[in-house]
Amino acid sequence: MTQSVLVTGSNSGFGYLIANTLVRQGFKVVGTMRDPQGRNASIANELKANGIMVIDIDVTDDKSVTDGVALAIEQAGHIDVVINNAGVGTLGWQESFDIDDFKKVFDINVFGVQRMTRAILGHMKQRGSGALIQVSSILGQFVLPFLGSYNATKHAVEGLAENYRVELSQFGIQSLIVQPGGFGTDFGANLLRSSDKAVTQSYGEFADAPEQMWAGTEAGHDADTAPSPQMVADAVLELLKTPAAERPFRTTVDGSGLNPVIEATNQAREAAMQHIYKLYDMHHLLTLKQN
């Protein structure tokens with residue numbers, strides 16, 4: 001049976017590449033985005049021409065998510081996989097992000113994941129199968145300066161995915177994480193800046209350090225030798241082509257040489273989880289029960 005995959009944030013970046021890669025490989029793909037009839041009409045029409053079903057979902061809006069997921073199930077017949085890709089980056093001194101700034105980025109990157117997951121799980125539990133793939137980041141394992149609120153959201157997403165892994169495994173539903181490194185997408189064009197400019201200026205001669213750092217990062221992404229973001233879409237494809245029982249919980253995708261470091265961290269965390277769950281006689285929760 002053809003797998004049906006829903007990809008959030010399919011209008012740009014990794015989501016666009018993932019949606020197009022999967023549909024070319026014979027998957028039934030639902031791509032979601034905000035405002036496909038308006039500002040994203042051009043890209044929505046392109047995706048439709050490629051055979052992708054496009055549905056309007058704003059992951060920060062409860063009703064939009066609930067209605068959009070219901071429509072996706074109706075149009076696709078069923079949903080096997082949800083790829084939570086929609087997200088936004090941030091830039092600035094962490095102190096200069098006020099609480100409203102934090103609420104805004106968490107609403108997209110974390111609460112959006114929870115909204116989408118809650119909206120689809122009833123369907124997946126009824127079917128006794130399914131997979132949730134969270135597009136996290138290598139910054140879900142460590143941090144870089146000036147990306148503080150973004151770092152925090154990715155650490156939170158990894159915690160959500162860890163918990164869903166053990167709570168859903170016996171219902172035949174898999175929770176997985178993909179951790180991209182730095183790639184040249186339009187991610188940098190939509191960064192949220194901090195609101196408290198007075199705090200930023202309190203850093204004196206270093207106030208502009210975040211913007212200077214990001215300019216260097218973008219220059220690296222634009223270099224001829226920069227890794228292609230298509231690597232992330234290819235990794236997702238490979239994950240979905242792998243039998244469910246053989247899929248790794250975390251998949252790292254990085255072209256800058258950080259893979260060995262991040263994968264070592266992932267392996268240590270997995271070993272710790274296996275040990276702890278054996279001690280508590282819950283080891284079976286780390287293994288997917290296939291119905």
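Computation of the quantities below employed the complete heavy-atom set of this structure, encompassing side-chain atoms and omitting hydrogens, waters and symmetry-equivalent molecules.
For the atom pair OG1 of Thr60 and NZ of Lys104, the computed distance is 10.0 Å after rounding to the nearest 0.5 Å. Atom-to-atom distance recorded for Ile177:CD1 and Asn84:CG is 11.5 Å, nearest 0.5 angstrom. Between atom OG1 of residue Thr200 and atom NZ of residue Lys197 there is a gap of 5.5 Å, rounded to the nearest 0.5 Å. Separating the OG atom in Ser175 from the CD atom in Glu162 is a distance of 8.0 Å, to the nearest 0.5 Å. If you take CG on Leu192 and CZ on Phe97, they are separated by 7.5 Å, rounding to the nearest 0.5 Å. Here Ser12 contributes atom OG and Asn85 contributes atom CG; the two are 7.5 Å apart, rounded to the nearest 0.5 Å.
Thr8 has its side chain within reach of Leu6: a pair of non-hydrogen atoms, C-beta onward, lies under 4.5 Å apart. Side-chain atoms of Thr21 and Val236, non-hydrogen and from C-beta on, never get closer than 4.5 Å to each other. Side-chain contact between Leu176 and Leu239 is present, with heavy atoms from C-beta onward closer than 4.5 Å. For the pair Ile133 and Val178, the minimum side-chain heavy-atom distance is below 4.5 Å. Side-chain contact check for Gln134 versus Leu160: every heavy-atom pair is 4.5 Å or farther apart. Side-chain contact between Phe27 and Leu237 is present, with heavy atoms from C-beta onward closer than 4.5 Å. Residues Val5 and Ile18 form no side-chain contact, since every pair of their non-hydrogen atoms from C-beta on lies 4.5 Å or further apart. Taking the side chain as every heavy atom from C-beta outward, Asp56 and Met33 never approach each other to under 4.5 Å.
Under a 4.5 Å side-chain heavy-atom cut-off, the cluster of Ile, Leu, Val, Met, Phe, Trp and Tyr residues that includes Val143 has no other member.
Cluster annotation: Val135 is not connected to Tyr150 through the hydrophobic network of ILVMFWY side chains, with a link wherever side-chain heavy atoms come within less than 4.5 Å. If you chain together hydrophobic residues whose side chains sit under 4.5 Å apart, Val23 and Leu47 fall into the same group. Leu139 and Trp214 fall within a single hydrophobic cluster, where Ile, Leu, Val, Met, Phe, Trp and Tyr side chains are chained together by heavy-atom contacts under 4.5 Å. Side-chain heavy atoms closer than 4.5 Å link hydrophobic residues (I, L, V, M, F, W, Y) into clusters, and following such links, even through other members, never connects Ile138 to Val110. Criterion: ILVMFWY side-chain heavy atoms under 4.5 Å apart, direct or through other members. Under it, Val59 and Val82 are part of a common hydrophobic cluster.
Of the possible polar contacts, one joining the Ser202 side chain to the Val199 backbone as a donor-acceptor pair under 3.5 Å is found. Within the 3.5 Å criterion, the main-chain N or O of Val261 finds a donor-acceptor partner in the side chain of Thr265. Ser64 contributes no side-chain N or O that, together with a main-chain N or O of Asp61, makes up a donor-acceptor pair within less than 3.5 Å. A donor-acceptor pair under 3.5 Å is formed between the side chain of Gln170 and the backbone N or O of Thr287. In terms of modelled atom types and a separation under 3.5 Å, the side chain of His284 and the main chain of Lys289 share no donor-acceptor contact. Distance alone, capped at 3.5 Å, places no donor-acceptor pair between the Asp80 side chain and the Gly130 backbone. Under a 3.5 Å cut-off, the side chain of Asn20 and the backbone N or O of Leu17 do not form any donor-acceptor pair. Remark: side-chain polar atoms of Gln174 are paired, donor with acceptor, to backbone N or O of Ala244 under 3.5 angstrom. In terms of modelled atom types and a separation under 3.5 Å, the side chain of Ser169 and the main chain of Leu285 share a donor-acceptor contact.
In this structure, Ala207 and Pro210 approach most closely via the heavy-atom pair O-CD, 3.4 Å. The shortest heavy-atom contact between Val232 and Pro180 is CG2-CB, 3.9 Å. Across all non-hydrogen atoms, the minimal contact from Ile57 to Val65 is CG2-CG2, 4.0 Å. When all heavy atoms of Gly182 and Pro227 are compared, the pair lying nearest together is O-CG, 4.1 Å. In this structure, Leu144 and Asn151 approach most closely via the heavy-atom pair O-ND2, 3.0 Å. The shortest non-hydrogen separation linking Val253 to Ala235 is CG2-CB, 3.5 Å.
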Is there a side chain to side chain contact (heavy atoms under 4.5 Å, CB included) between Met116 and Phe111? Walk through the geometry before answering.
CA-CA 9 Å; Met116 289 297 301; Phe111 306 153; over 6 Å; no
Pair Leu91, Leu147 - check side chain to side chain contact (heavy atoms under 4.5 Å, CB included), show working.
CA-CA 5 Å; Leu91 183 66; Leu147 308 174; 4.0 Å; yes
For side-chain hydrogen bond (donor to acceptor under 3.5 Å, both in side chains), just list the numbers for Asp101 and Ser194, CA-CA rounded to whole Å, side-chain angles, deciding distance to a tenth of an Å, and then say yes or no.
CA-CA 7 Å; Asp101 292 336; Ser194 56; 5.5 Å; no
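The salt bridge (Lys or Arg N to Asp or Glu O under 4.0 Å) check on Asp107 picks up Arg115, with sequence neighbours excluded. Residues satisfying the side chain to side chain donor-acceptor pair (under 3.5 Å) criterion with Thr242, sequence neighbours excluded, are absent altogether. Residues passing the side chain to side chain donor-acceptor pair (under 3.5 Å) test with Ser149, sequence neighbours excluded: Thr90. Under the salt bridge (Lys or Arg N to Asp or Glu O under 4.0 Å) criterion, Asp196 pairs with no residue at all, not counting sequence neighbours. The side chain to side chain donor-acceptor pair (under 3.5 Å) search around Ser137 returns none, not counting sequence neighbours. Partners of Arg193 under the salt bridge (Lys or Arg N to Asp or Glu O under 4.0 Å) rule, at least two apart in sequence or in another chain, are Glu211. Take Arg247 and apply the salt bridge (Lys or Arg N to Asp or Glu O under 4.0 Å) test, not counting sequence neighbours, and it matches no residue. Qualifying ring-ring contact (aromatic ring centres under 6.0 Å, His included) partners for Tyr203, counting only residues two or more places apart in sequence or in other chains: Trp93.
Each of Lys154, Arg250, Gln179, Glu158 was checked for a side-chain hydrogen bond (donor to acceptor under 3.5 Å, both in side chains) with Ser136, and the lone residue meeting it is Glu158.
Using modelled atom types and a 3.5 Å distance limit, the side chains of Asp208 and Gln212 yield no donor-acceptor pair.
Residue Phe171 qualifies as open at atom CZ: its count of foreign heavy atoms under 6.0 Å is 12 or below. Annotation for Lys103: atom NZ does not count as buried by contact number, only 12 or fewer foreign heavy atoms lying within 6.0 Å. Within a 6.0 Å sphere centred on CG of Leu279, heavy atoms belonging to other residues, nucleotides or ligands number more than 12.
For residues 253-266, the set of pairs meeting the salt bridge (charged side-chain N to carboxylate O under 4.0 Å, His left out) definition, not counting sequence neighbours, is empty. Residue pairs meeting the side-chain hydrogen bond (donor to acceptor under 3.5 Å, both in side chains) criterion with at least one partner in residues 25-46, sequence neighbours excluded, are Tyr16-Glu46. Residue pairs meeting the side-chain hydrogen bond (donor to acceptor under 3.5 Å, both in side chains) criterion with at least one member in residues 268-282, sequence neighbours excluded, are Gln141-Arg269, Arg165-Glu270, Glu270-Gln274, Gln274-His283.
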